[in-house]
Amino acid sequence: MRELKPWLSLILQRRRRLLLGALLMFLTLVSGLGLLALSGWFITATAVTGLLLAAGLSAALNIYVPGGGIRLFAITRTVTRYLERVYNHDTVLRLLSDTRGRLFLGLAHQAPCAGVRLRGADWLTRLTSDLDALDTLYLRLVAPTGLAVVASALVVLLAWLWLSPALALATGLALACALLLATTLLYRRTRHLSAKRSEQFSQLRGQVIEHLEGQAELRAAGLAPELARQLCDSAKHFCHLQARVDVATGWHQAISGWLVNLAALAALWFGLELFGGGQITGPVAVILPLSILGLLEAYTLLPDAFGRLGATEASARRLNKDCGLAKPAMAVGAQDLVTAPGAAPLNASSIDLNNITIRHAAGPALLQSFDLAVRKGEWLGILGASGCGKSSLADALAGVSRPAAGEIRRAADVTVAYLTQQTVLFDDTVRSNLVPDGQAMADERLWHVLELVGLEQRIARIPGQLDGWLGAYGTQLSGGESRRLALARVLLRDSDLVILDEPFTGVDAQSQARICQQLRPWLQGRAVVALGHGAMALPPTDRTVRLG
Amino acid sequence: MEDALAQPRSETARTGAKPRHGRTWLNQLAKAQRETIALTVAAGTLAGVFTIAQMGLFAWVIHQAVVEQVPLMALSAEFAGVALAMALRALAQGMQAQFAARASRKIRERVRQQLTEVWQGLSPARLKSSSAATLSTEWLDQVEALHGYFARFLPQLAICGAVPLLILGVVISLDWLAGLFLLLSAPLIPLFMALIGLGAEKVNQQHFKVLGRLSGQFLDKVRGLTTLQLFGATHQAAGKLQERSEQFRRVTMKTLKVAFLSSAVLEFFASVAIAVVAMYIGFGLLGYINIGPADQLTLFSGLFVLLLAPEFFQPLRQLAQHYHDRAAALGAAELLLARLATDVARADQAPEATHSERDTSIIQLSDVSVSYPGATGVLNRVSCKLRRGQCVALRGRSGGGKSTLLHLLAGFVAPNGGAVSVFGEPPGLRRFGWLGQSPFLMQGSWADNLKLVAPAATDDAILSALTLVGLRPLLESRPEGLYSAVTEQGAGLSGGQARRLSLARVFLADFDLVLLDEPTAGLDEVSQQGIIDALTTLKSQGKTLVFATHHERLLELADRTLWVEHGALRDA
């Protein structure tokens with residue numbers, strides 16, 4: 001349960017909404033329960049009175065109060081159910097955005113920023129499905145459990161005060177067993193199965209992807225059918241685990257329902273005993289058993305949620321690990337990117353690289369014992385074939401990643417703007433894409449930089465212009481246009497050092513030439529490091545370094 | 001349980017054929033598990049029967065004690081009877097869960113098998129046109145989405161037809177007027193179902209739309225996280241995420257408020273039916289109602305009817321809860337059907353091909369043409385002969401047909417015209433070596449990965465194969481040697497190392513023919529050298545090598561260089 005803690009405390013921030021939602025659920029349950037119990041009381045009372053009247057005895061029964069009560073419960077049950085559903089779905093949607101917001105901040109505060117970029121598409125898929133698993137935490141797990149516990153306790157308490165302790169104990173015992181069976185015991189029984197199932201699922205995903213990507217080789221070696229069969233077998237095993245969880249859930253639900261029914265029967269037995277002793281009337285003896293039959297509704301939702309809890313925990317565990325939610329103290333802010341790890345102040349240089357080594361995860365070193373100094377205001381070109389470590393060097397220069405060895409020194413007040421090799425645009429307005437941090441910036445300046453990258457006419461055609469939308473729900477830009485917009489974003493950033501990694505990917509030669517002409521005056525006085533596969537791909541520089 | 005799993009292959013192939021409509025397909029799948037689903041429904045109906053018995057006995061006990069003044073002890077047998085009916089009800093419910101789980105499991109297993117059969121039938125090039133992530137999502141998540149439909153929705157639909165009718169019969173036999181009240185709502189039941197369907201579908205669609213959009217927004221920001229961090233804009237982005245989801249929420253809630261009304265209608269009728277029945281019975285028992293069967297009412301029949309009234313509506317309410325299962329399954333069915341209906345362009349042509357040339361010493365292409373969507377390049381009436389033991393380099397612009405030619409020799413694609421024979425046999429009949437850009441690495445040890453192609457290989461043989469591709473030093477750095485995992489945490493193989501591992505398989509399996517598609521592209525110097533050395537050894541062993549390449553030193557290795565351009569072949 002430890003894994004769920006950060007998520008539960010996140011949910012509990014909306015305490016008042018949760019309580020109100022739970023109250024509505026409670027009222028719905030009480031209305032249903034009251035409708036049945038009051039109707040039972042009414043029918044029994046009328047039967048008894050009817051018999052007395054038929055025997056010619058005088059008897060009186062107020063039929064208006066219970067009749068009104070029955071009608072009232074019928075209405076409140078409908079109305080509260082409707083309100084409860086609307087209100088609680090609203091809550092769930094709010095929680096949905098809470099969890100996403102929290103997770104995003106968790107990711108944003110993680111130290112190695114490039115991590116997200118390296119983890120790939122299937123990581124994102126998994127992240128989404130794990131998040132979905134946590135979305136139902138409140139509506140499926142927390143609220144129904146609370147409801148069942150409170151309603152059951154209330155029924156037992158009333159029985160104790162109003163009828164007899166023996167009756168209350170007997171029903172209380174049966175209800176407690178039912179509750180345990182539907183929740184904790186089921187959870188204990190399925191926890192490992194569910195966790196294993198969840199783990200096998202992601203393992204299977206990896207295996208399927210391997211299998212598909214290696215399809216040509218497997219087929220050549222005549223191995224494809226055999227391995228496909230093995231995959232199907234693994235899936236079968238996984239389905240088996242799930243079926244076991246389902247079956248356990250079904251049985252726990254059935255038996256816990258039986259126990260609730262038994263509680264009603266016990267209440268009837270003790271109630272009729274009190275009736276036999278003349279302590280209560282017949283109609284009163286009927287109320288509690290029927291209420292407990294109505295209580296069954298509160299128990300039916302529980303097993304499903306608790307059978308799944310093991311998997312939900314596994315999802316939470318992965319999210320906690322991925323997103324550093326487990327230890328928020330580790331948070332490293334974005335400012336870490338631009339402050340200098342170096343000690344000595346630098347005079348002539350913007351940035352100094354001493355004896356650094358760069359490599360991918362566990363691969364061979366791409367750059368070894370590499371030294372580089374970028375002087376203030378200098379334009380430096382770095383050339384190298386693809387795969388030679390250019391982008392990793394750019395990442396290191398920008399402070400996005402640290403080199404495997406060596407030292408990078410940058411004065412504390414040197415600010416960096418970095419155009420990454422990968423073009424990143426957001427599903428957002430043109431303005432937000434140009435100024436992601438929302439800093440106030442005059443429209444003229446934005447249009448000026450758009451003109452520089454040759455996009456002013458294109459953007460002017462977008463409905464809404466600077467406030468028009470880009471991306472999935474707006475205007476789609478071509479690859480070259482996107483690249484130029486990303487470049488414009490970097491140019492707008494007030495910085496001492498500008499790093500441009502393959503700045504003109506997908507940009508036609510004519511546009512590139514025009515942009516290069518205007519780049520110098522715009523970037524007056526700033527140091528520029530441009531990286532590319534050849535001199536043609538870069539703006540003219542003062543000096544070039546060739547890698548590899 | 002296991003033997004029933006063995007489905008005849010012909011049948012699976014037939015089901016995978018044409019059915020256009022998602023629902024028809026789901027019904028077909030259900031048909032294959034007819035017995036288990038019928039058992040699920042039977043158990044659910046039986047649970048309904050025991051519920052009726054339980055309620056009847058419950059009312060009977062109260063009647064005996066309150067009206068007939070029977071002492072409690074004399075009623076112990078009846079009490080035991082109620083407890084038994086309750087237990088049998090639970091038993092039936094448990095069995096229902098058991099059967100439901102089984103039916104759904106078998107159906108999912110079958111669909112997965114059908115999907116893998118489709119994969120086998122497609123050429124690797126065509127399979128690549130959908131990303132591995134998409135295909136794996138179909139195979140795993142979409143198939144899982146079928147679960148709720150077969151385990152819950154479908155049986156519940158049948159139970160909805162049976163249990164309310166049974167209850168109605170019992171109520172009518174007790175008091176036809178009370179039965180009439182319930183019956184009056186019965187013609188409304190199909191209407192309810194439609195209403196619930198509409199409402200639930202809308203709720204469901206809305207939910208997934210919102211979830212999709214929220215996820216989209218979220219992923220959009222996560223993907224661009226580095227950029228956001230570089231621009232100090234993470235807090236801004238988090239705020240935006242919040243704002244957007246707030247907008248989505250407001251729009252969604254408008255729809256939901258209307259959509260939930262339909263289930264409120266069902267709730268309303270259920271509540272009103274209980275209230276009306278209770279009032280009718282109460283007044284009847286008091287003797288206020290002089291028409292119909294009201295004067296026959298007793299406490300027993302009155303309570304019994306009251307207790308059955310909510311049970312009459314219960315199956316419907318449950319169905320409403322399972323409605324999202326249906327929507328999820330229909331969505332998945334559409335995607336899966338599209339995949340299963342992919343016309344499998346198998347290399348069926350093999351028998352027709354006129355491989356009159358039974359010469360086992362040559363690979364022969366006679367007048368071969370390839371052009372269809374999914375092939376990376378086209379070939380136009382190409383003919384050539386390659387001798388056994390020859391080392392052939394294919395050159396030419398990308399998209400010019402090099403890969404298509406290799407796929408043709410591999411038997412991955414079938415020619416539209418002409419014939420291909422590899423050493424006197426149709427291509428792909430005999431095992432051969434293939435090395436592409438993405439070699440197959442499975443989770444497991446080095447030994448596991450190599451024994452794939454030669455299960456009987458000794459450790460010595462494996463070690464010498466690894467020596468030949470220059471992976472020995474790397475292996476020796478691993479703590480458990482051959483038995484250490486290939487992809488350990490943080491110490492996976494680089495692209496070049498993985499390709500060399502794959503080449504070691506070729507040595508181990510002793511394939512006669514080895515086809516290689518740009519074997520050195522994108523590799524570091526060490527790996528390139530390792531591969532060139534290994535190919536030199538293979539050549540000296542007399543293997544037939546065909547590779548597409550631009551690499552200078554590999555071209556030097558070749559005995560013969562063929563240019564593949566504009567769909568034509570010519571010697572260099």
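Just so we're on the same page: letters track the sequence lines, and every chain starts at 1.
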Looking only at atom types and distance, does a side-chain atom of A:Tyr82 sit under 3.5 Å from a main-chain N or O of B:Glu267, one as donor and one as acceptor?
-> no
Go through the side-chain N and O atoms of B:His147 and A:Asp246 and say whether any donor and acceptor fall under 3.5 Å apart.
-> yes
Between B:Pro310 and A:Leu36 the two heavy atoms that sit nearest each other are CG-CD1, 4.0 Å
At a heavy-atom separation under 4.5 Å, does B:Ala270 approach chain A through its side chain, its backbone, both, or neither?
-> both
Under the salt bridge (Lys or Arg N to Asp or Glu O under 4.0 Å) test, which residues partner A:Arg219, sequence neighbours left out?
-> none
Give, as side chain, backbone, both or neither, the part of A:Gln242 having an atom under 4.5 angstrom from any heavy atom of chain B.
-> side chain
Exercise: identify the closest heavy-atom pair between B:Phe58 and A:Pro289 | CZ-CB, 3.9 Å
Going by the side chain to side chain contact (heavy atoms under 4.5 Å, CB included) test, name the single residue among A:Asp90, A:Val92, A:Leu96 that passes it with B:Arg249.
-> A:Asp90
side-chain hydrogen bond (donor to acceptor under 3.5 Å, both in side chains) between A:Trp251 and B:Gln98, intermediate numbers included | CA-CA 8 Å; A:Trp251 279 108; B:Gln98 194 120 27; 2.9 Å; yes
Side chain, backbone, both or neither: which part of B:Ala87 has a heavy atom under 4.5 Å from chain A?
-> both
Judged by modelled atom types alone, do B:Glu246 and A:Ser97 share a side-chain donor-acceptor pair under 3.5 Å?
-> no
Interchain contact, A:Leu262 with chain B, by part (heavy-atom threshold 4.5 Å) | both
What part of B:Thr298 gets closer than 4.5 Å to chain A, counting heavy atoms only: side chain, backbone, both or neither?
-> neither
Is it the case that more than 12 heavy atoms not belonging to A:Arg94 sit under 6.0 Å from its CZ atom?
-> yes
Per-residue contact mode, B:Gln314 against chain A (heavy atom under 4.5 angstrom) | neither
Step-by-step side-chain contact (heavy atoms from CB on, under 4.5 Å) determination, A:Leu293 to B:Gln54 | CA-CA 11 Å; A:Leu293 285 183; B:Gln54 173 198 332; 4.0 Å; yes
Can you name the closest pair of heavy atoms from A:Cys239 and B:Glu144 and give their distance?
-> SG-OE2, 4.2 Å
Between B:Gly94 and A:Ala254, which heavy-atom pair has the shortest distance, and what is it?
-> N-CB, 3.8 Å
Of all heavy-atom pairs linking A:Phe42 and B:Gly282, the shortest is CE2-CA, 3.7 Å
Any idea how A:His211 and B:Trp119 line up, ring-wise: parallel (<30°), tilted (30 to 60°), or perpendicular (>60°)?
-> tilted
